[in-house]
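Report on the following structure.
Throughout, protein chains are lettered first and strands after them, A, B, ... in sequence-line order, and every chain is numbered starting at 1. Just so it is clear, the values below take in all heavy atoms, side chains as well, and ignore hydrogens, waters and symmetry mates. All values derive from a computational prediction rather than experimental measurement.
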Amino acid sequence: MRYPPGDLAIWIFILAELVVFAAFFAAYAFTRMNNVELFNEFQQQLDQRAALINTLALITSSYFVVRAVSAIREDNRRHCVVWLLAALAMGALFLIVKMGEYQHHFIVEGVSLSTNTFYMFYISLTFFHFMHVIMGMVILAAVVVMAAKGKYSAAEHTGVETGASYWHMVDLLWLIIFPLVYVMR
Amino acid sequence: MAQAFTKAMARNIFYGGSLFFFLLLLALTFQTEADFPSRDNRAALEGPKGTQIAEGKRLWEENDCIGCHTLLGEGAYFAPELANVYTRFGNSTDAIKGFIASRPADGIPGRRSMPQFNFNDEELSALAEFLKYVSEIKTARNWPPNIQG
Amino acid sequence: MKYKSQSVAKLYFIAAIALFVAQILFGLIMGLQYVVGDFLFPTIPFNVARMVHTNTLIIWLLMAFMGAAYYLIPEEAETELFAPWLATLMFWIFLAAAGATVAGYLLFSYSDLAELTMNELLPTMGREFLEQPTITKIGIVVVVLAFLFNIGMTILKGRKTSINLIMLLGLVGLAVFFLFSFYNPVNVVRDKFYWWWVVHLWVEGVWELILGAMLAFVLIKVTGVDREVIEKWLYIVIAMVLITGLIGTGHHFYWIGTPDWWQWWGSIFSAMEPIPFFMMTVFAFNMVHKRRREHPNKVATLWALGTAVMAFLGAGVWGFLHTLSPVNYYTHGTQITAAHGHMAFYGAYVMISLAMISYAMPLLRGRNAANPAKSQVLEMWSFWLMTVSMVFITLFLTGAGILQSYLQRVSDNPMPFMVVQEQINLFYWLREIAGLVFLIGLVLYVASFFVGQNEPEAVVADR
């Protein structure tokens, strides 16, 4: 098997994205150290249950994507499409839950980037990630269309692996954001 | 098959990535606009004082002050920062007016000198009010770092 | 030269070099005014010299970009230019407008120029780099639109290569973001915020697409490496440019009355901006290393490699030096900015323009591939003189900037601006001397066009 899976170009991109997020995470950790009380106080305001649902949604979706890649490796195009659609549905669930969370914070509470340092980070990190979920879904949708058209096979499915790699990154980032922003005290 | 690294994928990343980050820039711009009222001292721009400040800004621009000075750190680095000149001159518009009006027409031998612009009193007041307005913009960490600019 | 209509590029290149000379002369005047404050006062005050210095730079780079487009787009599209006459006409209009504007700066006081050009109808003057009278700005828009139409139609009727599309995209972006120069609200914070949509999104955004396209074109020509490979890298590099550079605009939004959160967003994204420049350096050296032919135009290759290195140093490293907000708090608006500006502009945009001119000019002048050895050697001398002196200009200004930041902002007893300026006088003298060396390099550069033209030339050899 080829390594890394998928197109090398996406890996350059993934690496760059991880660097940006790493910088954000480091900045968060550093700032939190100096403002522990503020961070603890406003962390209480976050909806941990919603975040947990979202964590499960993304982990499940990643699993579905893995199934999609195995399906195409066995030349099973139909299953590949079905698993990808299931992953997309999980992605959509994430977006809906997240929007509910945002609706509460932005509209009901009137929070913004300028409210305080904690919310600055909360919004920056989660919204930046939110946009990545949308981006990942666009990529997966493109892969679904190509797969439905029969462009992929057991011999050539770089596109599926490329999309899957990006989606796993999106999932991975959330798995850091969830404990970092919602749970860790 | 050799390592996959296709032009098509590189192109997609370019278009997708650029669009993504441009949208993000628009979102942040939107948020910036929402934050402006609490920082940009726009209240000063209302009423007759506001008209005077607008006139001051026009004079500031039409005499290319930015060609020597910085304003909030932007401009040329040949002459002092003016975003806090109002406070540096003891919170006095008269001191600013006096300084501008008293520049020698032929300069100072061997030294940098501000030109003599021959402003009338009304124009001097407008410029001073403009600089006062700028000094009351709320900058992060109250930049500039100290009174010297 | 494969297509007759490419020859219009020659006009643009010649005008670009002439304006380059003017730019450097006025740079030297400014440099001297830094140490001999009353030099030419009040005939040419500092602000006028600076306007001429920066505006001729912008105009000559635009000239070079347009010339490059008129040269490379027909060649890539494999077709004649859509309307060569339009390109020639626009050249003369652009040159006349630029000449009239510079003459206006020098002959009138700026306020008289504003009145004369009816600035009050649509006030856009008097903002850094956008000092041109409104009528000139409108002229630039007209010229650029006609230019975009011309090259757009050429691309439409010909082969659509990635290089052409990226060049076009960069130039369209240039036109679009220039429109923000017409927005000039009284609210200073807003004014400054959208001013950066021209300045930053030009030099750290769409101009880099133009730079990338020009570099890729020259590399394909001088190395003979497969187009697929070069274009693939080009896409990755410019993708990283925009991914980091668009939000990187935030590093200008620290201290101008914009909200605090920009400190984080600006710092994090702009800290990534050196990455694409580093990739560009790796890319350029890789392609030259893998070259399939020994192109006789050695000096064009030298410029292309030079731009990759100097853009990384000037834009990447010197940009990073003061891009993080805790550092920028002390360095904002000091000579550090000037140091970065000089090396970044020279490394990224001057050198790529000269690379393009160096590659295209021999062909435009009817030679088969390259200038004779004598001329190339002279041009290489000019390369090293200009580049090394620019490194020194940057180092001296950096020294001045560090001292300035310390004495004026960090130390326990901050000194007034003018007192500090006297303390760092020595650096300004050294900078002026380095500037003179730069001028010598530039003279040699111009001279290289006039030597050895009767000598035979080498041919392209496969490797």
The interface call for B:Asn63 against chain C, heavy-atom contacts under 4.5 Å, is both
Heavy-atom closest pair (B:Ala140 atom, C:Gln263 atom, distance to 0.1 Å) is CB-NE2, 3.0 Å
Most heavy-atom pairs under 4.5 Å with chain C, out of B:Ala79, B:Ala10, B:Gly67, B:Pro145, belong to B:Pro145
**Message:** For B:Phe5 and C:Trp233, take the angle between the two ring planes, folded into 0 to 90°, and tell me which bin it lands in: parallel under 30, tilted 30 to 60, perpendicular over 60.
**Reply:** perpendicular
If one checks every heavy atom of B:Lys138 against chain C at 4.5 Å, the contacting part turns out to be backbone
Exercise for the section: Evaluate the criterion side-chain contact (heavy atoms from CB on, under 4.5 Å) for residue pair C:Arg190 and B:Phe36; output intermediate values, then yes/no. Expected result: CA-CA 8 Å; C:Arg190 265 223 183 105; B:Phe36 273 159; 3.8 Å; yes
Turns out that what part of B:Leu71 lies under 4.5 Å from chain C's heavy atoms comes down to both
Notebook entry, point to check: Does B:Arg112 make a cation-pi contact with C:Phe46 (under 6.0 Å, within 45 degrees of the axis)?
Noted result: no
So, the part of B:Asp40 with a heavy atom under 4.5 Å from chain C: the answer is both
Okay, B:Ala44 and chain C: the region with an atom under 4.5 Å from a heavy atom over there is neither
Start with the C-alpha distance between B:Tyr133 and C:Asn187, add both sets of side-chain angles, then the distance that settles side-chain contact (heavy atoms from CB on, under 4.5 Å), and finish with yes or no. CA-CA 10 Å; B:Tyr133 146 73; C:Asn187 185 329; 3.7 Å; yes
Note to self: Is there a side-chain contact between C:Leu209 and B:Phe14 in this structure, where contact means two heavy atoms from C-beta onward sitting under 4.5 Å apart?
What the structure shows: yes
So, the part of B:Gln116 with a heavy atom under 4.5 Å from chain C: the answer is neither
Q.
Would you say that B:Lys57 contacts C:Asn184 through its side chain, given a criterion of any heavy-atom pair below 4.5 Å between the two side chains?
A. yes
Within 45° cone and under 6.0 Å: B:Lys7 NZ/CZ vs C:Tyr235 ring:
no
Side-chain donor-acceptor contact under 3.5 Å, B:Glu61 with C:Asn119
no
Of the listed B:Ile137, B:Leu28, B:Leu45, B:Leu24, the one with the largest count of heavy-atom pairs under 4.5 Å with chain C is B:Leu28
**Item:** Any B:Arg39 side-chain heavy atom under 4.5 Å of C:Val189 side chain
**Value:** no
Okay, B:Leu23 and chain C: the region with an atom under 4.5 Å from a heavy atom over there is neither
